[in-house]
Amino acid sequence: MSEPTPLAGPDLEQGVAEADLKEGASLLGHARGESVLLVRTEGEVFAVGASCSHYGGPLGEGAIVGKTVTCPWHHACFDLQSGAVQRAPALNAIACYQIERSGARIRVGPKLPAEMPPRISGAPGRIVIVGAGAAGHHAAETLRRRGYDGALDLIGRDLDAPYDRPNLSKDFLAGTASEDWIPLRPDSFYAENSINLITGAPVDRLDLGSRQVVLGNGKQFAFDRLLLATGADPVPLPVPGATAPHVHLLRTLADCRRLIAACATARNVVLIGSGFIGLEAAAALRTRGMNVAVVSPDAAPLGKVLGDEVGAFLRHLHEEHGVVFHLGESVTAIEADAVVTASGRRVPADLVLVAIGVRPAVGLASAAGLAVDRGISVDAYLETSAPGVFAAGDVARFPDPRSGRSIRVEHWTVAQNMGATAADNMLGGRRKFTTVPFFWSVHYDVTLSYVGHAETPANVSIDGRLEDRDCRIRYNEDGAMRAVLTIGRDRENLNAERQLELAAAT
Ligand code: FAD
């Protein structure tokens, strides 16, 4: 999140010399009090809003590929001709401005009207989406953006309307972002867009024969196309004391509100697990001034995912901020005032957060007889083993066009982008899901940006120094680059994304 980009560069209403804008380059300026980016690409000149509509990232520092611009912060991508979102996490288009020419000068004219959704024909009559998280919400928005005007039910178990889940272990948990930041859309958005959002409604069963979704209360929803976007559920810890009231899990906004409320009376918090959520929560809870300890059987935090070097860096970073690690330790019991480990250590705790990973929520799909293999199995078009039934997000296992393996990925933007692809395909498209996975993770003032997908961090090469917070780490598998992690080098992360995109295309 950031303030809007301050006005900088030339006044583009006055114009710039055409020759100053080189092919493939952009120029940051302003027009009518707003930051505007002028871009020349593929022989044409475009003028668009200069800030990403997600968290306000500087598009002038992004990548221009074909007629698109990608934000350096979280890789949202926009079409330069229409301003439309091409890739998540952005939800809103950016503004486009008219280009005016006089002699050898280009000027930015008035804002162009927003594009209206196209009219489509032959679309299914009823679409039901189960799960109103990243994938489900993005699919619903995409359907309407594509001009789908049939019945659309978005059914979620959560009591809250769709929200920014990644923020629950970052600014919102730290108390530095208010709850107004959390909903993805105002409540009125769903009715205005004829999206029948039903919250607090766990789906109990799918009847694929009669093409009905059945809620716990017996209510039925007929569908022609169905999207399963049920996400993943936190894995509980199977030890005595794990269901005590001071022991928490973190997946939903309700979980996060409970955790924040518990911080009011607790002092010593123990995080069980040293994965992304555990570590981000450690940083957020230190910001709240809590005493924070992390207990984990791993040798280094996130070492198994990002490699030993990154693990050692993260450990040091968190220790500098006062987090105490008990690594190589598994938990055997949780007591009222301590977490007990296998070595007999008692780590003082009046608040415990269990963050030991998630499991894909495949229950509905398995019971309905869909093919399930550590996630709902889908093809390259995100269709399950039942025609017309699609799956997207954390719950879906899909073919990775780069490695040729089937993978399941637990990232926010991946879930959203899968939701968009599934939406296109539910409308009869045949679009393969080939988007390069991307995620970010925030620890105090350090942001890790990871693009691609490597199964293990076995073959790692580092350029730069982690301690300087200025580095690029390549993860290779089968002799090919599979993923890149950067700190302080957003531009290189975008370049790596492009390389991985091209690798899938060949
Ligand atoms: P979800 O967003 O979990 O949505 C699934 C929805 O389905 C849920 O609302 C659930 O209630 C509903 N549902 C499940 N079963 C049923 C049922 N039977 N009936 C009705 N509804 C049902 N990723 C990143 O890339 N970067 C980050 O920084 C990051 N931070 C995170 C921080 C936290 C605290 C958490 C929990 C996750 C974070 N993630 C992050 C992961 C990211 O949020 C997930 O990858 C993403 O939300 C997956 O989207 P999804 O739609 O598949 O699942």
Side-chain angles (χ1 to χ4, degrees), residues 55 73-75 88-89 128-140 153-174 182 184 197-206 213-217 221 227-234 248-256 259 271 273 275-281 283-284 353 355 357-368 375-376 382 391-398 408-420 422 437-443 447-451 453:
Y55 276 10
W73 285 1
H74 307 115
H75 293 209
V128 174
I129 300 174
V130 179
H137 170 88
H138 217 77
D153 300 309
L154 175 58
I155 306 173
R157 188 178 53 189
D158 236 300
L159 289 173
D160 294 286
Y163 50 85
D164 183 350
R165 199 178 299 284
N167 217 315
L168 303 184
S169 51
K170 303 181 183 65
D171 294 326
F172 184 59
L173 181 59
I182 302 303
L184 293 180
L197 172 66
I198 306 160
T199 54
V203 170
D204 191 46
R205 173 167 80 75
L206 310 174
V213 163
V214 186
L215 298 194
N217 62 11
F221 293 82
L227 175 63
L228 297 174
T230 46
D233 296 316
H248 295 247
L249 298 170
L250 178 57
R251 182 78 188 181
T252 66
L253 178 54
D255 292 339
C256 195
L259 188 58
L271 302 171
F276 287 106
I277 292 178
L279 287 190
E280 288 193 344
L353 174 61
V358 294
R359 269 188 207 121
V362 295
L364 286 175
S366 315
I376 303 176
L382 307 183
D394 285 7
V395 77
R397 180 170 285 274
F398 61 95
R408 203 177 58 75
V409 173
E410 294 164 4
H411 305 341
W412 180 252
T413 64
V414 175
Q416 291 180 309
N417 287 321
M418 288 177 90
F438 170 78
F439 76 83
W440 74 99
S441 181
V442 182
H443 306 258
T447 298
L448 312 179
S449 300
Y450 180 102
V451 69
H453 178 84

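Heads up: numbering here begins at 1 and tracks the sequence. Each ligand, and each atom within it, is numbered from 1 in the order the structure gives.
In this structure, W440 and H74 have tilted ring planes: the angle between them lies in the 30° to 60° band. The aromatic rings of Y450 and F439 lie parallel to each other, with less than 30° between the two planes, well short of the 60° mark.
Among all protein heavy atoms, the one lying closest to atom 25 (O) of ligand 1 is W412 N, 2.9 Å. At the shortest separation from atom 37 (C) of ligand 1 among protein heavy atoms lies I277 CD1, 3.9 Å. With respect to atom 10 (C) of ligand 1, the closest heavy atom belonging to the protein is R157 NH2, 3.7 Å. Of the protein's non-hydrogen atoms, the one nearest atom 16 (C) of ligand 1 is T230 CG2, 3.8 Å. At the shortest separation from atom 4 (O) of ligand 1 among protein heavy atoms lies G133 CA, 3.2 Å. For atom 5 (C) of ligand 1, the closest non-hydrogen atom of the protein is A229 O, 3.4 Å.
By the criterion of a heavy-atom distance under 4.0 Å, the side chain of K170, and not its backbone, is placed next to ligand 1. With a 4.0 Å cut-off on non-hydrogen atoms, D233 does not touch ligand 1 at all. Proximity of L364 to ligand 1, defined as any heavy-atom pair under 4.0 Å, is confined to the side chain (atoms from C-beta onward).
Among V130, V213, V214, the one residue that satisfies the side chain to side chain contact (heavy atoms under 4.5 Å, CB included) test with L364 is V130.
Within the 4.0 Å heavy-atom shell around ligand 1 one finds P202. Residue G156 places a heavy atom under 4.0 Å from ligand 1. The shell of residues lying under 4.0 angstrom from ligand 1, judged by heavy atoms, includes A201.
Looking at V203 next to ligand 1, an N or O pair under 3.5 Å apart turns up.
Ion pairing between a basic and an acidic side chain is recognised when a charged N comes within 4.0 Å of a carboxylate O; D394 and R251 show such pairing.
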